[in-house]
Amino acid sequence: MKRRLARPRGTRDFLPGAMAKRRFAELRFRNVAERWGYGEIATPAFEPLDLFTIKSGEAIKDEIYSFTDRGGRALALRPELTAPVMRVYANELQSAPKPLKFYYFGDCFRYERPQSGRYRQFWQFGVELIGSERPEADAEVIALAQHMLRSLGLEAKIHVGSLDVLRAVFCELDDETCALAMRLIDKGDFDRLQELPHGDTAISIIEAPDPLSEAQSVASIDHLLQVLELLDTLAIAYDVDFGIARGLEYYTGIVFEAYAHDLGAQNQVLGGGAYRLAHLFGGDDVPATGFGIGFDRIMRAVTVHGEEPPRIIVVPTKDARIYALGIADELRAHVSTDVDVMGRTVRAQLTYANSASFDFAVIIGKSEMQTSKLTLRNLRTGEQESLCVQEIIDRVLSYT
RNA sequence: GCCGAGGUGGGGUAGCAUGGUAAUCCUAUGGCCCUGUGGAGGCCACGACGCGGGUUCGAAUCUCGCCCUCGGCCCCA
């Protein structure tokens, strides 16, 4: 066997069919974001390694693609996009008028064990609203998240919680125990959580029929209540869920997630919250709210199929090959058009047209060249008619 | 890093606990039968034992290590 280069572990190739689906979803997301007044932002594929260790701690070095360049700089392929966006803010946008609203779509890289819905190169679509910590800002971002999912026909309810409550419950504990508690909650491991101090309190709040009133007894949840009221106004369906832990210390209050069913262990398709990060990167202590959508997981959860536009193949006889190129050019100005590049006979060209699922063949031979009336063959029905180029274009474009 | 299940032409497979033909069949692809009309059929071509070591006269088959895929754990910014 020939020597073959394998695709790097945890990466994927996307063939045209898959890409059409991905582009379709991407376009929907972009349209929604733009209609909500968010502008696209793009950042480098690699950044200083520090950008990510400052945000997430030294431990993430193990899960990151990092390298030293020839100038001795410690760099990393981006494992996520929130930190880069906040770096941009800290670098050059601190005095821009607030709020700032950005969306992004890009690939990220993590050095992890690949498994279902988890790859080493994966795509994130996300949104950041920078400059406000008011309930209106949080509600807008959550509503936007819901509209994004809806744009692909996903009616996943967004789970909304507040870290204020869990933090109030565990405030007396040392950092380590508190972090453990957060992790157990995130995993839903209530058995082990129960053994921690105040674990039972947390469980009773999370599992209460009316978690809001339970939570009210341990912390002020006015902000959350206001957000929820706004979501009601915006007709956004949500579940109050104080079991959303997101243990990272930069989250400031509201947190939310969305899940897709039947996706196995990696079923979280969206996650976000209110946070403060810019000051870690040398900026001011600006508040922000954002979320990231796991694009690849969304693609597994959703079935999208764009309308396939009609496709023409120009089928010339041997004598008409040159002439046919000119015709193809005219057709291409309006319709997807192919011409044979294999030197095939008419019969073989039509065989190919059939197996490649073309909709129409434009057959051109001596008689067509003389009369300028081309033969349009509907490959589905076998019907043929004699038409000029413009008539062909009209006929094909009106075909559904 | 850990546990489990798997890797045979481009895709799908037979063969493997009982080592032994130049590795089976389907499909796809290219060509021909068929010099201007497709979908069928026939013929031809193409093309694989994940990689490396060991045992053996002989390994797809037994054995060891590694790689990769899938499901799960850890982690999840």
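Here is how names work: the chains are called A, B, and so on, in the same order as the sequence lines, proteins then strands, and each is numbered from 1. Values below: every heavy atom of this structure, side chains too, minus hydrogens, waters and symmetry copies. Quick caveat: nothing in here was measured; it's all calculated off a predicted structure.
- Listed nucleotides B/G72, B/A77, B/C34 differ in distance to A/Arg347; the shortest reach to its side chain belongs to B/C34.
- For B/C74, the base has no donor-acceptor partner in the side chain of A/Arg183 [N/O atoms by modelled type, under 3.5 angstrom].
- Taking A/Lys98 as the reference, nothing meets the salt bridge (charged side-chain N to carboxylate O under 4.0 Å, His left out) condition, with sequence neighbours excluded.
- Contact annotation: side chain of A/Glu63 to base of B/G1, donor-acceptor pair absent below 3.5 Å.
- Here A/Ser116 does not reach the OP1 or OP2 of B/C70: none of its side-chain N or O atoms lies under 4.0 Å away.
- Taking atom OH on A/Tyr104 and atom P on B/A77, their separation rounds to 13 Å, with Å as the unit.
- A/Lys318 comes within 4.0 angstrom of no nucleic acid atom, judged by non-hydrogen atoms across all strands.
- One can find a donor-acceptor pair under 3.5 Å joining the base of B/U37 and the side-chain atoms of A/Gln384.
- Proximity note for A/Leu350 (side chain, C-beta onward) versus B/G36, B/G38, B/A77: the nearest is B/G38.
- Within the 4.0 angstrom heavy-atom criterion, only backbone atoms of the sugar-phosphate kind lie near A/Thr351; the bases stay farther away.
- Nearest-nucleotide mapping onto RNA chain B: of A/Pro114 and A/Glu383, the residue sitting toward the 5' end is A/Glu383.
- Between the CD1 atom of A/Ile293 and the C1' atom of B/A77 there is a distance of 17 Å, given to the nearest Å.
- For A/Ala324, the side chain to side chain contact (heavy atoms under 4.5 Å, CB included) test picks out A/Val314, A/Pro316, A/Ile364, with sequence neighbours left out.
- The ring-ring contact (aromatic ring centres under 6.0 Å, His included) test applied to A/Tyr399 returns A/Phe360, not counting sequence neighbours.
- For A/Arg118, counting side-chain heavy atoms from C-beta on, the closest listed nucleotide (B/G36, B/G71, B/C76) is B/C76.
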Using atom names, set out every protein N or O paired with an N or O of nucleotides 66-68 of chain B below 3.5 Å, distance rounded to 0.1 Å.
| residue | atom | partner | partner atom | Å |
| --- | --- | --- | --- | --- |
| B/C68 | OP2 | A/Arg9 | NH1 | 3.4 |

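- With sequence neighbours left out, A/Lys61 forms a salt bridge (charged side-chain N to carboxylate O under 4.0 Å, His left out) with A/Glu58.
- Just one residue in the list A/Leu374, A/Val315, A/Thr337, A/Leu387 forms a side-chain contact (heavy atoms from CB on, under 4.5 Å) with A/Val362, and that residue is A/Leu374.
- Applying the side-chain hydrogen bond (donor to acceptor under 3.5 Å, both in side chains) definition to pairs two or more places apart or across chains, those involving residues 204-213 of chain A are A/Asp210-A/Ser213.
- In this structure, A/Ser367 reaches the bases: a heavy-atom distance under 4.0 Å links it to at least one base atom across the strands shown.
- Using a 4.0 Å heavy-atom distance criterion, A/Gln124 is classed as making no nucleic acid contact.
- No contact: A/Lys61 has no heavy atom under 4.0 Å from any strand.
- Residue side chain A/Arg377 reaches the base of B/U37 through a donor-acceptor N/O pair under 3.5 Å, judged by distance alone.
- Checking B/U37, B/A77, B/G38 against the side-chain heavy atoms of A/Tyr250 singles out B/A77 as nearest.
- Atom CZ in A/Arg344 sits about 10 Å away from atom C1' in B/U29, given to the nearest Å.
- The side chain to side chain contact (heavy atoms under 4.5 Å, CB included) check on A/Leu196 picks up A/Thr177, A/Leu180, A/Ala181, A/Leu184, A/Leu193, with sequence neighbours excluded.
- A/Glu34 is linked by a salt bridge (charged side-chain N to carboxylate O under 4.0 Å, His left out) to nothing, counting only residues two or more places apart in sequence or in another chain.
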Query raised in the report: Using a cut-off of 4.0 Å between protein heavy atoms and nucleotide atoms, how would you tag nucleotides 2-8 of chain B 5' to 3' with B, S and -?
Result: BBB----
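- A/Arg12 comes within 4.0 angstrom of nothing in the nucleic acid, heavy atoms only.
- B/G41 and B/C33 make up a base pair, with Watson-Crick or G-U wobble contacts both under 3.5 Å.
- Rounded to whole Å, the separation between the P atoms of B/U8 and B/C49 comes to 10 Å.
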